[in-house]
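Read the structure below first, then the notes.
So you know, we letter chains A, B, ... as the sequences are listed, proteins then strands, and number each from 1.
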Amino acid sequence: MKNKTKNTDKGIKAFNTIYIFGIVFAGIKLIEYLQWTFQLIRKWNLPKEPFFSKVNLMNSDVEISITAYLIFAIAYIIVFGFIFLGLYQLNKTTKLFAEKNIFQKEVSSAFKRAGKSFLAFAFGTLIIDIAVLAWAQTSNRVIDLLSTELIVFMILGYLMFFLADIFREGITLKEENELTI
Amino acid sequence: MAIVVNLDVILAKRKMQSKELVEILGITPANLSILKTGKAKAIRFTTLEAICEALECQPGDILEYKKE
């Protein structure tokens with residue numbers, strides 16, 4: 001029993017480390033996006049750094065207005081916030097695990113919310129990229145927008161839903177066990 | 001739940017208090033309450049055997065099926 005508790009604590013500490021790395025990495029990306037957007041607003045001209053869409057705007061026949069760039073940039077930043085929401089929900093689950101009551105409804109709900117957040121980020125960025133593609137009328141194909149990042153977050157999102165279902169099943173089994181006299 | 005536990009009825013017939021039954025069975029009062037109020041999802045045969053022995057009755061005296 002003591003070994004199991006030690007292993008669980010190690011697992012929670014390992015997850016916390018990954019969570020901190022995730023927050024730092026996402027934070028750095030968000031700061032880059034914000035800096036690009038502020039430069040755009042301040043100079044009302046395109047910054048030197050390329051726009052963060054996966055669409056190759058070099059081949060574009062159409063010139064995108066600064067206002068359009070601003071709208072796409074703000075949409076990207078809002079959608080990027082879903083990563084933080086997802087990571088926050090995952091952090092919530094480890095705090096609930098630390099209370100040693102693993103099979104509770106809040107854990108299942110937190111995993112489900114994390115899954116929704118990651119999927120919102122994945123599909124949100126895809127929709128914005130498709131909108132940029134349509135606006136820019138470049139020779140890019142939609143299939144080129146399927147990046148590793150998109151696939152990873154889609155898999156992660158569905159994995160969270162799967163975990164939520166497993167925990168829901170665990171809660172049912174736990175309740176049945178507790179109500180067996 | 002379609003299975004009704006008539007423990008109160010048998011306890012009254014045997015003129016036994018719940019506290020007494022809890023001590024004989026070795027279960028907590030909370031668990032006995034779960035059984036009496038119909039919240040239990042399952043009962044172990046060992047528990048059912050202990051109840052029948054304590055109350056000198058048959059499982060059918062305690063458990064009743066009522067179609068919902």
Side-chain angles (χ1 to χ4, degrees), chain A residues 1-12 15 86 88-117 119 157-181, chain B:
Chain A
M1 193 70 181
K2 275 187 183 174
N3 277 336
K4 272 189 183 173
T5 316
K6 273 187 187 172
N7 285 337
T8 314
D9 288 341
K10 274 186 190 172
I12 290 169
F15 177 79
Y88 168 72
Q89 292 297 333
L90 286 182
N91 190 41
K92 216 174 162 182
T93 61
T94 52
K95 283 184 181 162
L96 291 167
F97 287 158
E99 287 168 20
K100 308 296 178 201
N101 192 2
I102 293 168
F103 292 103
Q104 41 183 321
K105 283 180 184 164
E106 289 81 11
V107 172
S108 177
S109 309
F111 274 125
K112 202 171 179 180
R113 271 184 245 123
K116 282 182 185 172
S117 300
L119 285 178
Y158 283 115
L159 185 66
M160 294 299 117
F161 278 119
F162 179 64
L163 284 172
D165 283 343
I166 289 176
F167 274 89
R168 208 177 304 123
E169 195 61 37
I171 290 161
T172 308
L173 291 169
K174 184 191 164 211
E175 270 176 11
E176 272 184 22
N177 186 46
E178 280 175 352
L179 295 175
T180 296
I181 311 299
Chain B
M1 191 80 169
I3 302 288
V4 176
V5 179
N6 296 319
L7 208 51
D8 279 335
V9 173
I10 303 294
L11 279 170
K13 278 184 183 174
R14 301 286 183 267
K15 291 174 188 165
M16 195 188 279
Q17 298 257 332
S18 298
K19 281 182 196 176
E20 227 182 298
L21 186 61
V22 154
E23 278 167 27
I24 297 167
L25 296 177
I27 62 173
T28 62
N31 278 352
L32 187 69
S33 174
I34 287 170
L35 202 55
K36 279 164 72 177
T37 53
K39 287 178 186 166
K41 295 274 182 190
I43 184 168
R44 294 187 182 93
F45 281 142
T46 49
T47 309
L48 189 59
E49 186 189 334
I51 292 171
C52 290
E53 200 177 326
L55 297 176
E56 293 174 359
C57 63
Q58 291 293 313
D61 298 331
I62 307 164
L63 305 172
E64 188 188 340
Y65 170 70
K66 275 184 182 167
K67 201 171 182 180
E68 279 174 344

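Closest non-hydrogen pair, B:Arg44 versus A:Thr180, comes out as NH1-O, 3.5 Å.
The neighbour count for B:Glu53 CD, taken as heavy atoms of other residues, nucleotides or ligands under 6.0 Å away, does not exceed 12. The 12-atom threshold is exceeded at NZ of A:Lys174, counting heavy atoms of other residues, nucleotides or ligands nearer than 6.0 Å. In the displayed structure, A:Phe161 atom CZ is contacted under 6.0 Å by more than 12 heavy atoms of other residues, nucleotides or ligands. With a 6.0 Å radius and a threshold of 12 heavy atoms from other residues, nucleotides or ligands, B:Glu64 has its CD atom above the threshold.
If you measure heavy-atom distances from B:Ile34 to chain A, the contacts under 4.5 Å come from the side chain alone.
Atom CG of B:Asn31 sits about 4.0 Å away from atom CD1 of A:Ile181, to the nearest 0.5 Å.
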